[in-house]
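Atoms considered below: every heavy atom in the structure, side chains included; atoms not considered: hydrogens, waters and symmetry mates.
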Amino acid sequence: MTTDLLSELNPEQQQAVSAPEKHLLILAGAGSGKTRVLVHRIAWLIEQERISPYGVLAVTFTNKAAHEMRHRVEAMLGMPTQGMWIGTFHGIAHRILRTHWQEAGLVQNFQILDSDDQLRVIKRVMRELHVDEKELAPRLAQWFINQNKDEGVRSQHCDDKGQSEHQWLRKIYEEYEIACQTGGMIDFAEMLLRVHELLRDQPQVLQHFQQRFQFILVDEFQDTNTIQYAWLKQLASDNATVMIVGDDDQSIYGWRGAKIENIHRFSKDFPDTRVIRLEQNYRSTSTILEAANAVIQNNDSRMGKELWTESEKGDPISVYRAFNEMDEARFIVDQIDSHHRLGTNYREQAILYRSNAQSRVFEEALLRARIPYRVYGGMRFYERAEIKDAMGYLRLISSRDDDSAFERVVNNPPRGIGEKTISEIRSHARGQRIPLWKAAQALVSDKVLTMRANNALVEFLTLIDNMAEHTNTLELHEQMDHVIHQSGLWKYISKTRSEKSKSRLENLEELVTAAKTFVPGDQLSELPKLSAFLSHAALEAGEGQANQSEDGVQLMTLHSAKGLEFPVVYLGGVEEGLFPSLRSIDSPEGLEEERRLCYVGMTRAMQKLYMCHAEVRRIHGREQYHRASRFIKEIPKELVAAVRLQTKVMRPQQSSSRATQLSTGINIPDTPFKLGQRVTHKKYGEGVILNFQGHGEHGSVLINFNSCGEKLMNLAYAKLEACV
DNA sequence: ACAAATACTGTTTTT
DNA sequence: CAGTATTTGT
């Protein structure tokens, strides 16, 4: 059994899995098998050390990682992971709060606010405080509140540094706390903070968990923030054995409050810690690894770690300098196509970019080439407006105090309850410190509203009450279906006949299906099914698209690519001002984080890495000129193959504002044309050949026409003639 | 009360 | 450019 567990591991991994020391700090480089080690360690503890699964707490950041870990542990042990707590920080906090809601000062059926809900509540609070949204952006207030909560700071303890802006932010924070408390709502940051305070103020609760969790394991430790670290210290106390796994070079969430310092602090706060480095990479070619190492070496604050590999050199890194973002996309799509012809599936190729906005150009190019693709990120299922509307009704049924849900659905679909009536309700609610629902009831019974408004409001209140009554015996999906129709939501959306409304209705149908197939995980099994479903929707917003099985090129941001690997990777927009982004370019810490992001991106590639940058790019409708990113220059020359040759010739200008260097005189294979040559086209007239791709009839050329600027055309179709 | 017209504003993301 | 938020008009 012992040999079974350790045989497939390298010496360092074996040490990590079987270490006798109390605490372990595993510095695991990209592609060094950290999840493997984590899973093996759990199996080791249970099979070798004979510890009880009840004593295990394994924490991750994403639901995906948690699911994967649970799955792999089960597969390895050959039995269900009953009793083991495996989940995200938030999932675990949620579970604790559901059982100890009373000690935590919550109402039993508290509702969870996602960041969209949170922002709405903040806006409402700001309006009530008469804070002008133009002078103080609600986003800033949201950032301020979350930042403080992540640091464990309540509004009373915010040090307003004398500045009036700070005082306003503090005031908004304070009112927001009250609004959440009266509405029975908690946001994501609040979940963690509440648990922290619960463990701090309720010794018997703390003791209970300290006794229970004898073995604590934390993944992606470089992403922990202050409150999560504090939490770990509370839970672990002196009894528990802790193992943390992380990579300081892959810390890319500093802007969200993550503290790399937590890794450094760990050995001090947890005595008898053994540090083990996993530096052998099993993913990439040595060329890719060497290049990534060279880039990350430019960061000063590192713990020191250098990845090595036994794999072969592989291809050089291709750097393509494109004319503009369309040319960049065209180049990448051409490469994808040729890799595909040579046997690499589309799903094994990924286009990674710095910001979501960049995906559009790639999508258009892929669409044109009829290559299937899948975009990750963006709007997720439970974040869609129509889904949140339907869920809003359910939330109100579940908790009438949920002000966030009340505001969302009270006049949606429009039922004659206008801004004036709503603000009456709001001010009454605020005056009495009661939820909006109760305020609305009070206004109705006091008969202070106009006939019209009163009737509309009564209709709404009875609608919710009736729906609650009629559906409490129904199955969840029947309940969902009932609510969608009785609320008038379905009718309202179908009234406007467009492509959009069609897909919205489909989404609502899918929501019913989701409710039908919903099975509460074991951490939610104690709750009523409706509450469990609502929590599930907030905690796991759901994947973007459904068609996972189809073979398609993967498009995502560099951030969401962390933890994944692909045989072929294309990094788009590797330009100064974009990556590193303009915002982080003048702070050393910001720049180092961008560099780590680049390191993450490069190390996603297994066999072939492309890095592309464009000379000109349209951003927010304006043309911007960028130089190649410094990160490209940090790669040793001998590892790079520049795709486009650079020789000196002037390109005729479309706007006469700029001269660009262009290679010239090179023959385009199997054609009578050369780069830099003047040609005429039937429709567009005279132009100059800027670039080409492929050869002969299959090739395409990029031409700058005098009449209409740059056009990419296929040589087989475009009847070009050389000029004299 | 609601629809249409105009002004504004843009990282990265999980929970 | 494109999406949202607020203002304007009926």
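Residue A:Phe89 is classed as having no contact, given no heavy-atom separation below 4.0 Å to the nucleic acid. Here A:Arg139 lies out of heavy-atom contact (under 4.0 Å) with every strand. Using a 4.0 Å heavy-atom criterion, one finds that A:Arg622 contacts no nucleic acid atom at all.
Paired with A:Glu575 under the rule side chain to side chain donor-acceptor pair (under 3.5 Å), one option of A:Arg630, A:Arg617, A:His613 passes, and it is A:Arg617.
Separating the CD atom of A:Glu419 from the P atom of C:dT7 is a distance of 11 Å, rounded to the nearest angstrom. The distance between atom CD1 of A:Ile122 and atom C1' of C:dA5, rounded to the nearest whole Å, is 17 Å. As rounded to whole Å, 13 Å separates atom P of B:dT14 from atom CE of A:Met379. Atom CD of A:Gln624 is separated from atom P of B:dT11 by 13 Å (rounded to the nearest Å). If you take CG of A:Leu119 and P of B:dG10, they are 12 Å apart, rounded to a whole angstrom. Look at CZ on A:Arg354: it is 5 Å from C1' on B:dT11, rounded to the nearest Å. Whole-Å rounding puts the A:His620 NE2 to B:dA7 P distance at 20 Å. Atom C1' of nucleotide B:dT13 and atom OH of A:Tyr253 are separated by 5 Å, given to the nearest angstrom.
A:Asn262 and A:Thr224 share a donor-acceptor pair across their side chains, judged by distance under 3.5 Å alone.
Within a 6.0 Å sphere centred on CD of A:Glu459, other residues, nucleotides and ligands contribute 12 heavy atoms or fewer.
Atom CG of residue A:Leu457 and atom CG of residue A:Leu463 lie 11.5 Å apart, to the nearest 0.5 angstrom. Atom CZ in A:Arg596 sits 9.5 Å away from atom CD in A:Gln222 (nearest 0.5 Å).
For A:Glu594, the listed nucleotide lying nearest its side chain is B:dT11; candidates were B:dT11, B:dT13, B:dT15. Proximity note for A:Lys134 (side chain, C-beta onward) versus C:dT7, B:dT12, C:dA2: the nearest is C:dT7. Nearest nucleotide to the side chain of A:Ser355, out of B:dA1, B:dT13, B:dT11: B:dT11. Of the listed nucleotides (C:dT6, B:dT14, B:dA3), C:dT6 has the atom at the smallest distance from the side chain of A:Arg127. Nearest to the side chain of A:Tyr492, among B:dT15, B:dA3, B:dT12, sits B:dA3. When distances run from any side-chain atom of A:Glu133 to the nucleotides C:dA2, C:dT6, B:dT14, the shortest one goes to C:dT6.
No donor-acceptor contact under 3.5 Å links the side chain of A:Arg583 to the base of B:dT11.
Checking the phosphate oxygens (OP1, OP2) of B:dC2, a side-chain nitrogen or oxygen of A:Asn411 falls inside 4.0 Å. In this structure, A:Ser581 does not reach the B:dT12 phosphate: none of its side-chain N or O atoms is under 4.0 Å from OP1 or OP2. For A:Arg360 and C:dA2, the shortest distance from a side-chain N or O to OP1 or OP2 is below 4.0 Å. OP1 or OP2 of C:dA5 has at least one side-chain nitrogen or oxygen of A:Lys123 nearer than 4.0 Å. Residue A:Asn63 has no polar side-chain atom (N or O) positioned under 4.0 Å from OP1 or OP2 of B:dT14. Between A:Asn356 and B:dT13, a side-chain N or O to OP1/OP2 separation shorter than 4.0 Å is present.
Checked by atom type and distance alone, the side chain of A:Ser581 never pairs as donor or acceptor with a backbone atom of A:Leu578 at under 3.5 Å.
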Exercise for review: Output, in order, the C-alpha distance, side-chain angles, deciding distance and verdict of side chain to side chain donor-acceptor pair (under 3.5 Å) for A:Tyr376 and A:Arg374.
Suggested key: CA-CA 6 Å; A:Tyr376 288 79; A:Arg374 186 170 177 222; 2.7 Å; yes
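The residue among A:Ser584 and A:Gly416 whose nearest nucleotide of DNA chain B lies closer to the 5′ end is A:Gly416. Along DNA chain B, the nucleotide closest to A:Pro414 and the one closest to A:Ala538 are compared, and the more 5′ of them pairs with A:Pro414.
B:dT12 has A:Trp255 stacked on its base ring, the centres lying under 5.5 angstrom apart and the planes within 30 degrees of parallel.
Base orientation at B:dT12 is anti, since its O4'-C1' glycosidic dihedral falls outside 90° of 0.
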